[in-house]
Every structure is written in structure tokens, then in C-alpha cells.
Amino acid sequence: MKLSQDIIRQLAETLETAELECRPVTKITDAYPEMDWEDAYAIQDEIKRRKQERGVRIPGLKMGLTSIAKMKQMGVEEPIHGFLTDYGLQPDGARIDTSRLIHPKVEAEIAFVLKRPLQGPGCHIGDVLAATDFVVPAVEVIDSRYENFRFDLKSVIADNTSSARFIVGGSRDAHAVDLKNLGVVLRKNGEIMSTATGAAVLGHPAHSVATLANMLGARGRTLEAGTLILTGGVTEAIPVRAGDSIVAEYQDLGSVSLSFA
Ligand code: 0L1
Ligand code: MG
């Protein structure tokens, strides 16, 4: 680690205040270019600690940058992970208040709920499918706390991977669905914005869960039973504003809808 505990606490406060007051900030690596990956996750952990201290519950975790094309584009070999909050959870059909967000975007995702814990390293797709209770379609609303989306990977990790809101749809037996070839259509105001299959997520969405278990395992952590896991965008992220409506349709898994006010 390159940053002191004081700086980590200060950066966590800056980023969490930016989130809660919807006021964007400049990317933190501008002031602290020496910051390393451990520092980035330590800042994210400190934001989580601050929230939990105030009574916020953490219902799950998310993977980000899981699209192979996006990782290549950003010159990274590993995706990133963050946490979800109870206040981020919105019901299917929700109207999301854009005045509480900075510059939201939506992405269609496939989410897993585990019935057994997963412990990396060495976790693979087979382990994930055996440990999965069910899968649900989901839409994530991401909202970077950085001005004009100017950020790098370490800044994004510290900013809890732009986590803001999420919606989950009905459940379905993971073993009955071909998650790799599952088609997804994302519409904004009725118009198709993006189409994809589950394979867009690291080749298979269960591989994203295995990767998360392995990344956590490298830090001595376990992926606990009951955890909801957003596996990463199947589609690209689409910018939204007040008045927009979004529907994500999933082959064999139904649909999820939301609107922005
Ligand atoms: O869920 C995600 O893939 C977050 C990616 C972080 C970068 C962004 O805000 O676009
Ligand atoms: Mg996402």
C-alpha cells in the first residue's frame, strides 16, 4: 500500500460525500498518482465501513468491466468488484429519481444468488453452478462520482465501481437456463439500444462469479451463501435522463423495467 490510513479515510469521505450530495469530483489519482490496487480497494472498503456504521446493509456484490472487449479496450486483464447497498435496491418497475444521481447509465445484467459459500482460489464455473440457488435478470444503474466520467481503473474501484441502483426481476432455476447463449435486448423509450448474449460476460456469467470468488479469496475472503451477485453488464451501458423508460428483456428469464423521473 502506498497511501496512509488518514489519506484513505479522507478519500473515502470525499467519494461518499460526492455520492450522497450528487456532486462530482475529479479523479483521485490526479492528486495521488502513486495509489496502488490495494489502496483502491481499501478506499472502497472504508466507504462500505462508513455506510455500515450508519446502518446501511449490504445485500450483495457486483462485478464490473466483465466484457472482454471492454477489458481489452482499457488494457486490463481482470475485472473489478464492488458492493451493493440496501438503498440501491429498487423494485421492478421503479421510477428512479435522477435528482439523486449525477449522470446515470443503465446496463442489463444476469444476477446469481448462492445457496452455498464459494471460496477461491481455484473456483470454476462448475463450483459456481453447484453452489447457485437461482439466477435472476437484473438492471444496474451505474453513476460514476467523477466529473465527465474522467477516471481510471483505480479511481473507479475506490468509487465502488460506480455502483448506484439496481433492480432484480423474477427468479428461475439456473440449471434450466442456457446462461451462455441467453439473449438479452435492452430498450430505451421503446427503441432497441443493445442486444447481447450471456457469453458477453467473461464468456459465461458463472465465470464472473468464479472470478469474484477467486479475487476475494486472494484477499482471504469468502463469497457467502445468500449473496446476490451482479455479474457485470451483458450490454453496454446506456446513458439515461429524466423521462426515459428502460426495458431489458431476457430469453427464458422475463424482463425488468424501470423509468427515470
Ligand atoms: O458495473 C460496471 O461495469 C461499472 C464500470 C465502472 C465504469 C463506469 O462507471 O462506466
Ligand atoms: Mg454493472
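Start at 1 with the first residue, then count along the sequence.
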Validation row: [X], [Y] side chains within 4.5 angstrom (heavy atoms):
X: His204; Y: Leu179; result: yes
X: Gln52; Y: Ile58; result: yes
X: Leu61; Y: Leu84; result: no
X: Ser257; Y: Asp92; result: yes
X: Thr235; Y: Glu109; result: no
X: Ile102; Y: Tyr146; result: no
X: Leu186; Y: Thr195; result: no
X: Leu20; Y: Lys51; result: yes

Looking at [atom1] of [X] and [atom2] of [Y], how far apart are the two atoms once the value is rounded to the nearest 0.5 Å?
X: Thr231; Y: His81; atom1: OG1; atom2: NE2; result: 15.0 Å
X: Asn160; Y: Ser144; atom1: CG; atom2: OG; result: 11.5 Å
X: Arg165; Y: Ile96; atom1: CZ; atom2: CD1; result: 7.0 Å
X: Leu202; Y: Thr66; atom1: CG; atom2: OG1; result: 5.0 Å
X: Thr85; Y: Glu19; atom1: OG1; atom2: CD; result: 7.0 Å
X: Ile80; Y: Leu212; atom1: CD1; atom2: CG; result: 12.0 Å

Verify, without hydrogens or angle tests, whether [X] (side chain) and [Y] (backbone) share a donor-acceptor contact under 3.5 angstrom.
X: Lys180; Y: Ala200; result: no
X: Thr227; Y: Leu223; result: no
X: Arg9; Y: Glu46; result: no
X: Gln44; Y: Ala158; result: no
X: Asp127; Y: His124; result: yes

**Asked** Is Lys27 close enough and on-axis enough to Tyr32, meaning under 6.0 Å and within 45°, for cation-pi?
**Response**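 So Lys27 doesn't make the cation-pi contact.
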Where do [X] and [Y] come nearest, in terms of heavy atoms and distance?
X: Ala111; Y: Ala138; value: CB-CB, 4.1 Å
X: Val177; Y: Leu253; value: CG2-CD2, 4.2 Å
X: Ala210; Y: Ile125; value: CB-N, 4.3 Å
X: Cys123; Y: Leu118; value: SG-CD2, 3.7 Å
X: Asp39; Y: Leu3; value: OD1-N, 3.3 Å
X: Phe149; Y: His103; value: CZ-O, 3.2 Å

Consider only side-chain heavy atoms of I, L, V, M, F, W and Y, link residues closer than 4.5 Å, and tell whether [X] and [Y] are in one cluster.
X: Ile192; Y: Val139; value: no
X: Leu258; Y: Ile142; value: no
X: Val168; Y: Phe134; value: yes
X: Ile43; Y: Ile7; value: yes
X: Val247; Y: Val184; value: no

**Prompt:** Do Val240 and Ile246 pass the side chain to side chain contact (heavy atoms under 4.5 Å, CB included) test, and can you show the C-alpha distance, the side-chain angles, and the key distance before you say yes or no?
**Reply:** CA-CA 9 Å; Val240 284; Ile246 295 289; 3.8 Å; yes
**Request:** May I have all residue pairs that pass salt bridge (charged side-chain N to carboxylate O under 4.0 Å, His left out) and include part of residues 252-261, sequence neighbours excluded?
**Result:**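 Listed once each, the pairs would be none.
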**Request:** Sort and list the pairs that fulfil salt bridge (charged side-chain N to carboxylate O under 4.0 Å, His left out) and have at least one residue in residues 153-164, not counting sequence neighbours.
**Result:** Arg145-Asp159
**Asked** Taking only residues two or more places apart in sequence, or in another chain, which ones meet Glu53 in a side chain to side chain donor-acceptor pair (under 3.5 Å)?
**Response**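 In terms of side chain to side chain donor-acceptor pair (under 3.5 Å), with neighbours along the sequence ignored, Glu53 is linked to Arg49.
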Who passes ring pair (Phe, Tyr, Trp, His ring centres under 6.0 Å) against [X], sequence neighbours left out?
X: Phe260; value: none
X: Tyr87; value: none
X: His207; value: none

**Request:** In sequence, state the C-alpha distance, the side-chain angles, and the governing distance for Leu228 and Val136, and then conclude on side chain to side chain contact (heavy atoms under 4.5 Å, CB included).
**Result:** CA-CA 9 Å; Leu228 172 75; Val136 278; 4.2 Å; yes
[X]: which residues meet the salt bridge (charged side-chain N to carboxylate O under 4.0 Å, His left out) condition with it, sequence neighbours left out?
X: Arg100; result: none
X: Glu107; result: none
X: Glu249; result: Arg187
X: Lys2; result: Asp36

**Message:** Suppose we screen for side-chain contact (heavy atoms from CB on, under 4.5 Å). Which residues come up paired with Thr132, at least two apart in sequence or across chains?
**Reply:** Phe112, Leu114, Val128, Val135, Ala174
Between [Y] and [X], do the side chains contain a donor N or O and an acceptor N or O under 3.5 Å apart?
X: Asp6; Y: Ser4; answer: no
X: Thr29; Y: Asp152; answer: yes
X: Lys62; Y: Thr161; answer: yes

**Request:** Give every residue pair that meets the side-chain hydrogen bond (donor to acceptor under 3.5 Å, both in side chains) criterion with at least one member in residues 208-224, sequence neighbours excluded.
**Result:** Asp45-Arg219, Asp45-Arg221, Gln119-Thr222
**Message:** Within the supplied structure, the quantity of interest is the number of heavy atoms (other residues, nucleotides, ligands) at a distance under 6.0 Å from Glu34 CD; does it exceed 12?
**Reply:** yes
**Request:** Inspect the surroundings of CZ in Arg54 and state if more than 12 heavy atoms from other residues, nucleotides or ligands are less than 6.0 Å away.
**Result:** yes
**Arg150/Asp30 ion pair, N-O < 4.0 Å** = yes
**Request:** Given side chain to side chain contact (heavy atoms under 4.5 Å, CB included), test Gln90 with Val141 step by step and report yes or no.
**Result:** CA-CA 10 Å; Gln90 306 288 315; Val141 181; over 6 Å; no
**CA sep, side-chain torsions, deciding dist, call: Met215, Met63, side chain to side chain contact (heavy atoms under 4.5 Å, CB included)** = CA-CA 11 Å; Met215 290 174 84; Met63 287 290 272; 4.2 Å; yes
